[in-house]
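Inspection log for the structure reproduced underneath, given as structure tokens.
All figures in this text were calculated on a predicted structure; none of them were measured in a lab.
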Amino acid sequence: MKSNESRISEFILLGFTDIRMLQLLFFVILLFAYFSTITGNALIIILANIDYRLQTPMYFFLWNFSVLEIGFTTAVIPQTLSHLLTGHKNIPYVSCIIQSFMYFHLGTTEFFLLAVMSYDRYLAICNPLRYPSIMQKSLCTLLLFCCWIGGFLLIIGFFILLLQIPMCDSNILDHFFCDNTPLMKLLCGDTRFLQLFEFVAAVISLLGTLSISVASYINIIKTILTIPSASGRKKTFSTCASHFIVVSITYGSCIFLYISPSQASKVEIGKIVAILNTIVSPLLNPFIYSLRNQQVQEAFKDLLKQVAVFIKGPRKT
């Protein structure tokens, strides 16, 4: 073992800034965004499970996607909020590894689920007659299970290898959470195979699932263009427009990381991408689906009426 290798019990996260007023400002902004994210996604989950109009494969995948979004943002933001509020930037080694694992596991599972949701829209629009017989509840559950297992299997090998390589003396991570990139910079051993493993996993999870989504939407667009009436084309495309926007935001923020202009700016770019992934994208998703989808809007109005009736209570005779 090299002399500069050591056992690290905790890490120090540099975060966004050392200026106290800015830390408190970021705390307020992130707290509001996190609360809105949890509320919006929880609402999608509730509506999809209580409203009979939303008992379809599309909304089954949607509410499970909201579950992933809640878990994904919760893996990072509460710890970040604690650090911003208290000013303490320490995180135990075990907590750091668990946080990093959960972040990438849930994120990878999201990519797989987005691909499944794209395929679901492809079947619904391009093969409407066969769609009910194909996308039955059992198949939907199996596809969801495969997304979770696939996300786990794809990233577990990386973390097993990561734990085998000793850390150096430095325990400072230039990030606001335990991202893989700053973690790998603290390793003392040969990381070439680990980097290759990470690259292959990224290609499969990002580009592999994106290719499925792109292929699905190419066929969807081809089918829509064959519809003779403009109103028919618009109505058909509206059924998958929300998902298309979510796919664009999710993949766009990740791909942006790989076009950073220089290595020096890659850390700051990584922080920006992480903010987009952990806060902006999960925050926008419920609003994109609810504001653009009439069925969700109607289900939400009915829920408000039921809540109002419950609050008023039974009328006295």
Side-chain angles (χ1 to χ4, degrees), residues 33-34 36-38 40-45 48 57-78 98-122 140-159 177-180 198 200-217 240 242-258 270 272-290:
Y34 179 65
S36 301
T37 298
I38 298 300
N41 282 284
L43 184 61
I44 293 293
I45 296 171
M58 182 177 77
Y59 292 105
F60 171 78
F61 293 129
L62 175 57
W63 77 257
N64 276 283
F65 186 76
S66 290
V67 170
L68 282 171
E69 292 283 57
I70 290 176
F72 182 70
T73 192
T74 300
V76 172
I77 299 304
I98 292 175
Q99 181 188 68
S100 183
F101 175 81
M102 293 303 299
Y103 177 82
F104 285 98
H105 177 211
L106 295 173
T108 304
T109 303
E110 280 191 9
F111 287 138
F112 284 120
L113 186 54
L114 283 173
V116 169
M117 293 168 73
S118 298
Y119 178 70
D120 171 73
R121 290 300 82 207
Y122 159 75
C140 293
T141 303
L142 177 62
L143 290 173
L144 178 65
F145 177 77
C146 290
C147 289
W148 280 92
I149 295 299
F152 176 83
L153 294 178
L154 195 59
I155 62 107
I156 187 62
F158 171 85
F159 281 91
F177 77 102
C178 294
D179 194 8
N180 278 353
E198 182 188 40
V200 173
V203 168
I204 295 174
S205 63
L206 186 59
L207 299 183
T209 57
L210 179 59
S211 63
I212 295 175
S213 296
V214 170
S216 297
Y217 275 100
C240 59
S242 298
H243 179 256
F244 179 77
I245 295 173
V246 171
V247 168
S248 301
I249 293 174
T250 303
Y251 283 100
S253 60
C254 290
I255 293 175
F256 182 72
L257 177 62
Y258 297 98
I272 295 173
V273 172
I275 286 292
L276 290 174
N277 284 336
T278 57
I279 282 295
V280 178
S281 181
L283 175 61
L284 290 179
N285 289 348
F287 295 100
I288 291 172
Y289 280 109
S290 61

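- Here CG of Leu153 is found 11.0 Å from OG1 of Thr108. Values are rounded to the nearest 0.5 Å.
- Residues Leu283 and Ala33 share a closest heavy-atom pair of CD1-O, 3.9 Å.
- Between Met102 and Ala75 the shortest heavy-atom distance is CB-CB, 4.1 Å.
- One distance of note links OH of Tyr59 with CE of Met117; it measures 10.5 Å at 0.5 Å rounding.
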**OP:** Verify side-chain contact (heavy atoms from CB on, under 4.5 Å) between Tyr103 and Asn180, making sure each step is shown before the conclusion.
**Re:** CA-CA 10 Å; Tyr103 177 82; Asn180 278 353; over 6 Å; no
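- Side-chain contact between Thr74 and Ile38 is present, with at least one heavy-atom pair separated by less than 4.5 Å.
- By the 4.5 Å heavy-atom criterion applied to side chains, Leu207 and Phe111 are not counted as neighbours.
- Between atom OG1 of residue Thr209 and atom CD of residue Glu110 there is a gap of 11.0 Å, rounded to the nearest 0.5 Å.
- When all heavy atoms of Pro57 and Cys140 are compared, the pair lying nearest together is CB-SG, 3.7 Å.
- Listed for the Thr73 side chain is no donor-acceptor partner under 3.5 Å among the backbone atoms of Ile70.
- A donor-acceptor pair is defined here as one N or O able to donate and one able to accept, closer than 3.5 Å; such a pair exists between the side chain of Asn64 and the backbone of Phe60.
- At least one side-chain heavy atom of Leu114 sits under 4.5 Å from a side-chain heavy atom of Phe65.
- Scanning all heavy atoms of the two residues, the minimum distance from Thr37 to Ile279 falls at OG1-O, 4.0 Å.
- With sequence neighbours left out, Thr278 forms a side-chain hydrogen bond (donor to acceptor under 3.5 Å, both in side chains) with no residue at all.
- Taking both residues in full, the closest heavy atoms of Glu69 and Asn41 are given as CB-OD1, 3.7 Å, listed atom of the first, atom of the second, then distance.
- Atom CD1 in Ile156 sits 11.5 Å away from atom CZ in Phe158 (nearest 0.5 Å).
- The shortest distance between side-chain heavy atoms of Val76 and Asn277 does not fall below 4.5 Å.
- With contacts defined as side-chain heavy-atom distances shorter than 4.5 Å, the pair Phe152/Phe101 qualifies.
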**OP:** Please report the C-alpha distance between Phe159 and Phe104 in whole Å, then the side-chain angles of each, then the deciding distance to 0.1 Å, and finally whether the side-chain contact (heavy atoms from CB on, under 4.5 Å) criterion is met.
**Re:** CA-CA 10 Å; Phe159 281 91; Phe104 285 98; 4.2 Å; yes
Solution key, residues 143-151 side-chain donor-acceptor pairs under 3.5 Å, sequence neighbours excluded:
none

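- Ser100 places a side-chain N or O within 3.5 Å of a backbone atom of Cys178 that can act as its donor or acceptor partner.
- Considering every non-hydrogen atom in both Ile45 and Trp63, the closest pair reads CG1-O, 3.6 Å.
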